[in-house]
Amino acid sequence: MTTDTILYGMPGSLYTAKVRSYLRKQRIPFEERSPAHPHFREHVVSTIGRWIIPVLQTPDGTLVQDGSMIIDHFESLRDHRSSEPREQGPSALPPDPLLRVLAHLFELFGGEGLLRPAMHYRWNFDADNLEFLRRDFTSSLAPEASATEQAEVFAFASSRMRSATKAFGVNAETIPLIEQATREFLSRFNQHLAATPYLLGTTPSHGDYGLLGPLYAHLGRDPYPSAMLKQIAPRVWRWTERMNAPDEDAAEYLGKAPQWVEPEALAPLLAFIAEDYLPEIQAHVAFTNAWLADRPELLAGTSGVKKPGIRSIGVTPMQWRGLSVDVMVMPYRLLLLQRFQDAASALEPEQSARLRALLQSTGLEALLDLRCRRRVIHQGYSEVWGPDSESVSFVSPTIPKEIIMSDLDHNFQTAVANSKTLSNRPDNATMLKLYALYKQGSVGDAPEEGPDDMVGMFKHKAWAENHGMSQDDAKKAYVALVESLQD
Ligand SMILES: N[C@@H](CCC(=O)N[C@@H](CS)C(=O)NCC(=O)O)C(=O)O
């Protein structure tokens, strides 16, 4: 099959599952390639600077890394895609701003908060899982290698993952509590799915995509947990199947599910997050603020770690279910926390009060006010720090211009998000202009060759008209254009 959008990933990869599901629901044709593909080894890894999946390659050759950023990439194109209406799947962002905040909360909890069960149920049940994992991993990582080489590849990959399992806080003391908590979460989600096919209604959102990674790629596929899932949470298992279907796949709801759930219906799940994940993200923020305070010289636009492959800035103890557990601290989680908080800050007073009341009644209110002294910014293919809010250093003229530009990136990202919530759909010419500036700002000059289809040709022509404009100027023009379109 040939298609222009390529997803590099693996069947057992948690974050690949999230993106694959989104692409299917969006009805975007794509080809999935394994990381053993020569192009991944020879080009993608060196461009990204580390071995990581998923990576998406767009038709113009742009690489996008990170599950949420890949979804954002397509979300930003939704309304600009063409000057003709064209069938596209539902947005990952619910139209209601309050549900949007909750979608981002489950994006954080799903992708990051369920890693303990995801890793425990994969790597601590060798009698049931190991042969499956060996085949699953080697067929993606080294399909053509000799048996000896495959054994080496699996030994390397699995020992790395077993170490990560410990670094996420899975150990002899925590295991019984992880199992108990997982059963509790599955039971609550199973109950929630009695009334609705997806987390927030009849449409999947960022929240579902976040949850799908651990619940499908690990718990829904690996032999031991998938049997458990079917037994104790059959609706959750069914939801993993539904999330992989291109259509709504919700016949058993007999068309009776509400289009959108009331936010308060999520209370039992929110209460679970308060107990299970709030202490961890609080410990992350406290550790990070101390870490940043110790590094006042850290320039905005840098990560403070030695290599792009290092995702953790240290280890912190956290109080979890009565135990003191050491966990690694990852700035990426703070980026997802910011997405939730930014969406919460954008609420009108009435909805903001409703959100606060819901979070207060479920023990999660602290999440709204948990702040790091620096923002985390996704730049290129990894996370870097924004300016320090508690230091004047960011206005220093000694900071190189390109680093201060991270503010521009922030404004650009905000404008991309705002472009999706314009109350009036701009005319076709403006849509094309938005598309062209977005591409010039995020990628640079258009490649010489464009796609052959009609719509693609129009878009390519509009993009190419910006040839020579700097990415920064294009970002500024995009921000100004979106602002001019807002009421
Ligand atoms: N935040 C990233 C995380 C991606 C990630 O952790 N991918 C895993 C596979 S599911 C990986 O590439 N691990 C390789 C390694 O850490 O060496 C995303 O959402 O894409």
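Counting starts at 1 for both ligands and their atoms, in listed order. Everything numeric in this text was worked out from a predicted model, so none of it was measured.
- Residue contacts with ligand 1, taken as heavy atom pairs separated by less than 4.0 Å, do not involve Lys18 at all.
- When hydrogens are left out, the protein atom nearest atom 5 (C) of ligand 1 is Tyr15 CD1, 3.3 Å; that is the closest non-hydrogen contact.
- Counting only distance, with no hydrogens or angles, the side chain of Ser139 and the backbone of Arg135 share a donor-acceptor pair below 3.5 Å.
- The ring of Tyr209 has its center no closer than 6.0 angstrom to the ring center of Phe106.
- Contact atoms of ligand 1 toward Arg311: 3 (C), 5 (C), 6 (O), 11 (C), 13 (N), 14 (C), 15 (C), 16 (O) (distance under 4.0 Å to a heavy atom of the residue).
- Counting the atoms of ligand 1 from 1 in the order shown, those under 4.0 Å from a heavy atom of Gly67 are 18 (C), 19 (O), 20 (O).
- Within a 6.0 Å radius of CD in Glu173, no more than 12 heavy atoms belonging to other residues, nucleotides or ligands are found.
- Heavy-atom distances between Gln65 and ligand 1 reach below 4.0 Å in at least one pair.
- Annotation: His120 is not in aromatic contact with Phe168 [ring centroid separation under 6.0 Å not met].
- Atom CD of Glu297 is surrounded by more than 12 heavy atoms from other residues, nucleotides or ligands within 6.0 Å.
- Residues Phe40 and Trp51 place their aromatic rings such that the two centres sit under 6.0 Å apart.
- Distances from ligand 1 to the non-hydrogen atoms of Met69 include no value under 4.0 Å.
- Residue Asp66 has at least one N or O atom closer than 3.5 Å to an N or O atom of ligand 1.
- In this structure, Tyr216 has its ring center no closer than 6.0 Å to that of Trp239.
- Note: no N/O pair closer than 3.5 Å links Ser68 and ligand 1 by distance alone.
- Proximity of Met10 to ligand 1, defined as any heavy-atom pair under 4.0 Å, is not found for any part of the residue.
- Distance from atom 8 (C) of ligand 1 to its nearest protein heavy atom, with residue and atom name: Ile53 O, 3.7 Å.
- Using a 4.0 Å cut-off between charged side-chain N and carboxylate O, Asp247 and Arg27 make no salt bridge.
- Listed by number with element, the atoms of ligand 1 under 4.0 Å from a non-hydrogen atom of Pro54 are 20 (O).
- Where the criterion is an N or O separation shorter than 3.5 Å, residue side chain and backbone included, Ser13 fails it with respect to ligand 1.
- Close approach of ligand 1 to Leu14 is summarised as follows: ligand atoms under 4.0 Å from at least one heavy atom of the residue are 10 (S).
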